[in-house]
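When reading the values below, keep in mind they use all heavy atoms of this one structure, side chains included, and skip hydrogens, waters and symmetry mates.
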Amino acid sequence: MRRTCRSIVALAAAAVIASGCGEPADPSAPAQAPETRAAIAASQSTVDPIYGVKIYRTERDLPGIFEEWKQLGINTVFASEELASSGGFRALARKNDTDLFIIFPVFFAPEMLAEDPDLWAVTAKGERAKDDWVEFACPNRPAFRNRRVKEAQAIVKRLQPDGLSIDFIRYFVFWEMVGPDHDSAALPKTCYCLHCLQAFAAYLGVPPFSIPPQPQRAAAWIESNASDQWVRFRAETIASVVTEIVEGVRFVDPEIMINLHMVPWRKDDFDCARLRIAGQDPAALSSQADLLSPMAYSFMLYRPPKWVTSVVRDFDRAASCPILPSIQVSPAYREDEVFPIDEFEAALRAALEPPSAGVVFWSWDHIESDPERAEIIQRVRRETLGEDGDNVQTLKR
């Protein structure tokens, strides 16, 4: 079994250790010195970059899909549990030397919320954490968290994937609809349910009901009395859930790789919303992961292609593991508009700029329905690996 992902992570770790960066970082300094990041990028150049694809379902024959992935140079697949459980998928991944990550959602939990409405995360307005299809559970429920750990363990034991790709590991926000001109003050704030407020009171070391139990009053009290502590508490909550899941699955498989889906906000975007709203701290999360994967969907978010590179570099400055950006293939959320083919190619090239560990395409069904984009993926990969672009063949169907 080839382990492109593991090779990249191992080389990056070696570069960090060699530079003396194994010691706790100064909070005021980047997680990696510039020379360290350069060493990592140089090390990564000795192995093929990760070319990954997300796939959730298909009605086609699986051998044919794996053959097309081989032609495109796809060496890693991020699949839903349902698809990976279908007959022969895991065996085909092994046969075709393709690393398999199972996508595992955490706080996006519509079925569990339907079973137990008390699990809903609550906004500062006292409303359920729901926007369109996005429905989020509260992150401070021990029973919910334990259930997620057991589910992850069961998946790893049953399917024996190369990695677990953990999604929806954040506080509630419909980031897909947050464009560059979005008012940061309008972003949702969660969770203000009684469970979270009591947990925060314990975190502060104050009596349980020192914080008003009503969401709006609680939000006002926190803003006036403990806003910085609230940001840290929420980030530590998300990091602790990741730790529980990672420790759980590595008890089953000590060598399993961990990829974390990240909101594609840079450190200062929307008034530090990555930490303040989503509760995602790349420095803390990267200590538990092998890869961080910001979902850098430039067209969806009304950003130019070169923005993708800026996202990767911003995350790289904060994290201690390689950064694997995910880019979009179709005009998702802007379906009535044209996603220009040259803009897609520019985003792909931007995603592969150092210090990127590679690229993940969202998603396969959009590639297989658009041969022109498939050929661009094939051609760019050949060029980046130094192969003759004239040898590119049309994707066979």
Side-chain angles (χ1 to χ4, degrees), residues 52 54 56 78-81 101-113 119-121 129-131 133-153 155-156 161 163-176 178 187-191 196 199 231-250 256-265 273-297 311 315 318-326 360 362:
K54 295 180 181 178
Y56 298 90
F78 297 80
S80 66
E81 178 191 358
F101 281 71
I102 305 297
I103 299 172
F104 182 70
V106 180
F107 294 121
F108 173 66
E111 293 182 0
M112 294 174 67
L113 292 171
L119 288 176
W120 277 95
K130 175 179 173 60
D131 191 344
W133 59 271
V134 182
E135 302 178 353
F136 263 52
C138 165
N140 275 300
R141 307 299 177 90
F144 175 89
R145 290 165 61 142
N146 290 337
R147 178 172 170 179
R148 280 297 197 233
V149 171
K150 292 184 183 300
E151 289 171 345
Q153 287 179 309
I155 290 171
V156 171
L164 194 69
S165 194
I166 306 178
D167 198 2
F168 298 100
I169 188 67
R170 64 178 191 269
Y171 278 85
F172 166 73
V173 61
F174 195 8
W175 62 266
E176 293 93 334
V178 178
L187 292 171
K189 299 176 182 178
T190 58
C191 173
C196 284
V231 171
R232 290 198 300 271
F233 164 74
R234 294 166 75 258
E236 289 175 18
T237 296
I238 296 300
S240 70
V241 177
V242 170
T243 298
E244 290 170 8
I245 294 173
V246 171
E247 290 180 349
V249 298
R250 285 192 169 147
I256 193 165
M257 303 285 290
I258 301 296
N259 178 57
L260 301 181
H261 298 224
M262 304 289 290
V263 171
W265 292 338
R274 181 171 72 192
L275 187 65
R276 184 177 57 85
I277 299 297
Q280 290 188 333
D281 178 2
L285 294 173
S286 64
S287 71
Q288 298 296 318
D290 298 291
L291 297 160
L292 296 187
S293 187
M295 295 169 282
Y297 303 151
V311 170
F315 273 83
S320 57
C321 71
I323 310 302
L324 179 64
S326 178
V360 179
W362 174 63

Does Tyr171 form a side chain to side chain contact (heavy atoms under 4.5 Å, CB included) with Arg234? I'd like the steps, not just the answer.
CA-CA 8 Å; Tyr171 278 85; Arg234 294 166 75 258; 3.3 Å; yes

Show, in sequence, the C-alpha distance, side-chain angles and deciding distance for Val106 and Ile245, and conclude whether the side chain to side chain contact (heavy atoms under 4.5 Å, CB included) test is met.
CA-CA 10 Å; Val106 180; Ile245 294 173; 3.8 Å; yes

Worked check of side chain to side chain contact (heavy atoms under 4.5 Å, CB included) between Phe168 and Phe104
CA-CA 8 Å; Phe168 298 100; Phe104 182 70; over 6 Å; no

Please determine whether side chain to side chain contact (heavy atoms under 4.5 Å, CB included) holds for the pair Leu291 and Ile258, giving the CA-CA distance in whole Å, both sets of side-chain angles, and the decisive distance to 0.1 Å.
CA-CA 6 Å; Leu291 297 160; Ile258 301 296; over 6 Å; no

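With sequence neighbours excluded, the residues forming a side-chain contact (heavy atoms from CB on, under 4.5 Å) with Val242 are Ile169, Val246, Leu260, Leu285, Gln288, listed by chain and number. Residues that satisfy the side-chain contact (heavy atoms from CB on, under 4.5 Å) test with Arg232, not counting sequence neighbours, are Tyr203, Asp228, Gln229, Glu236. Residues forming a salt bridge (charged side-chain N to carboxylate O under 4.0 Å, His left out) with Glu247 (at least two apart in sequence, or on another chain): none. Every residue meeting the side chain to side chain donor-acceptor pair (under 3.5 Å) condition with Glu135, not counting sequence neighbours, appears here in chain and number order: Lys130. Residues satisfying the ring-ring contact (aromatic ring centres under 6.0 Å, His included) criterion with Phe101, sequence neighbours excluded, are Phe78. In this view, Asn146 satisfies the side-chain contact (heavy atoms from CB on, under 4.5 Å) rule with no residue, not counting sequence neighbours. Arg274 pairs by the side chain to side chain donor-acceptor pair (under 3.5 Å) definition with Asp314, not counting sequence neighbours. Every side-chain contact (heavy atoms from CB on, under 4.5 Å) that Ala273 has, sequence neighbours left out, goes to Leu187, Trp265, Phe270, Arg276, Ile277. When the side chain to side chain donor-acceptor pair (under 3.5 Å) test is applied to Ser240, the partners found at least two apart in sequence or on another chain are Arg145. Checked against salt bridge (charged side-chain N to carboxylate O under 4.0 Å, His left out), Arg250 has the following partners two or more places apart in sequence or in another chain: Asp290. With sequence neighbours left out, the ring-ring contact (aromatic ring centres under 6.0 Å, His included) criterion links Trp120 to no other residue. Shown here are the side chain to side chain donor-acceptor pair (under 3.5 Å) partners of Arg170, two or more places apart in sequence or in another chain: there are none.
Ser326 contributes no side-chain N or O that, together with a main-chain N or O of Met295, makes up a donor-acceptor pair within less than 3.5 Å.
You'll find the side chain of Met257 stays beyond 4.5 Å of the side chain of Leu164, heavy atoms only. Pro325 has its side chain out of reach of Ser293: every pair of non-hydrogen atoms, C-beta onward, lies at least 4.5 Å apart. A 4.5 Å side-chain heavy-atom check between Leu292 and Pro282 finds at least one atom pair inside the cut-off.
The line from CG of Leu324 to OG of Ser165 is 8.5 Å long, rounded to the nearest 0.5 Å. Between Phe136 atom CZ and Leu113 atom CG the span is 10.0 Å, to the nearest 0.5 Å. In this structure, Leu119 CG and Met112 CE are separated by 6.0 Å, a value rounded to the nearest 0.5 Å. The distance from the CG atom of Asn259 to the CD1 atom of Ile102 is 12.5 Å, given to the nearest 0.5 Å. Separating the CD1 atom in Ile238 from the CZ atom in Phe233 is a distance of 10.0 Å, to the nearest 0.5 Å. Atom CD of Glu81 sits about 3.5 Å away from atom CD1 of Ile155, to the nearest 0.5 Å.
The two residues Cys191 and Ala121 have their closest heavy-atom pair at SG-CA, 3.6 Å. In this structure, Thr190 and Phe172 approach most closely via the heavy-atom pair OG1-N, 3.6 Å. In terms of heavy atoms, Val263 sits closest to Phe315 at O-CZ, 3.3 Å. Smallest separation of non-hydrogen atoms from Ile103 and Ser80: CD1-N, 4.5 Å. The minimum heavy-atom distance linking Phe144 with Ala109 is given by the pair CE1-CB, 4.0 Å.
Classification of the Trp362-Tyr297 ring pair by plane angle, with boundaries at 30° and 60°, yields parallel.
Between the side chains of Ser286 and Ser320, at least one donor-acceptor pair of N or O atoms lies under 3.5 Å.
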